[in-house]
Amino acid sequence: MPSLHERYKPQTWTELKGQDKAIGKLRRILDRPGFTGDAFLISGPSGTGKSSAALLAARQYCDDFDIIRFDADQCVVDKVREAANMLQYSTFTGGF
């Protein structure tokens with residue numbers, strides 16, 4: 001069973017509350033015609049919605065199968081290289 005915070009994590013942009021200015025800016029970038037995806041650095045204090053915003057942005061362009069999540073303490077060079085290697089293979093769903 002998922003933890004409480006995972007179970008109630010926002011599943012849509014409208015469910016994500018707070019940080020309206022930052023979320024608006026992120027959504028304007030993501031919704032730009034011709035935007036094909038880039039890397040984003042989202043930083044801030046714990047509990048402000050960074051992971052939720054990142055997951056919603058990723059889901060806008062990828063299937064859940066193609067999303068790899070790291071906590072900051074896990075984000076080391078070897079893990080990033082491993083993830084990049086894994087993501088070079090396409091899924092059957094035709095994700096981004």
Side-chain angles (χ1 to χ4, degrees):
M1 176 174 261
S3 61
L4 200 59
H5 75 280
E6 288 293 328
R7 192 179 326 161
Y8 293 104
K9 187 176 279 286
Q11 299 299 308
T12 65
W13 288 109
T14 55
E15 291 178 8
L16 186 61
K17 303 298 180 197
Q19 306 297 336
D20 294 335
K21 187 174 180 180
I23 297 302
K25 184 175 253 185
L26 178 60
R27 291 200 61 198
R28 281 191 300 279
I29 292 169
L30 294 172
D31 293 338
R32 249 187 238 159
F35 181 78
T36 59
D38 277 323
F40 290 94
L41 174 62
I42 302 174
S43 65
S46 179
T48 56
K50 299 178 303 294
S51 295
S52 295
L55 187 57
L56 290 171
R59 284 181 175 159
Q60 191 165 332
Y61 290 93
C62 303
D63 295 315
D64 281 345
F65 182 78
D66 297 320
I67 298 171
I68 298 174
R69 296 169 55 185
F70 293 111
D71 287 332
D73 62 338
Q74 298 172 326
C75 194
V76 294
V77 173
D78 289 338
K79 283 284 196 181
V80 173
R81 284 186 182 139
E82 181 182 326
N85 187 44
M86 287 173 46
L87 291 173
Q88 64 183 316
Y89 303 104
S90 179
T91 63
F92 291 116
T93 58
F96 207 78

- [ ] Hey, could you give me the CG/CH2 distance between Leu30 and Trp13, rounded to the nearest 0.5 Å?
- [x] 5.5 Å
Open item on the list: My understanding is that a hydrophobic cluster links ILVMFWY residues whose side chain heavy atoms are under 4.5 Å apart, including indirect links. Using that, what else belongs to the cluster containing Leu55?
Closed with: Ile67
Show which side-chain atoms of residues 14-25 pair as donor or acceptor with protein atoms under 3.5 Å away, not counting sequence neighbours.
from: Thr14; atom 1: OG1; to: Thr12; atom 2: OG1; distance (Å): 3.1
from: Glu15; atom 1: OE1; to: Gln11; atom 2: N; distance (Å): 2.8
from: Lys17; atom 1: NZ; to: Thr14; atom 2: O; distance (Å): 2.9

- [ ] Under the side chain to side chain donor-acceptor pair (under 3.5 Å) rule, collect the residues that match up with Ser43, sequence neighbours excluded.
- [x] none
TODO: Rounded to the nearest 0.5 Å, what's the gap from NZ on Lys79 to CD1 on Ile68? Could you check?
DONE: 9.5 Å
Task: Donor-acceptor under 3.5 Å (Lys50 side chain, Pro45 main chain) - done: yes
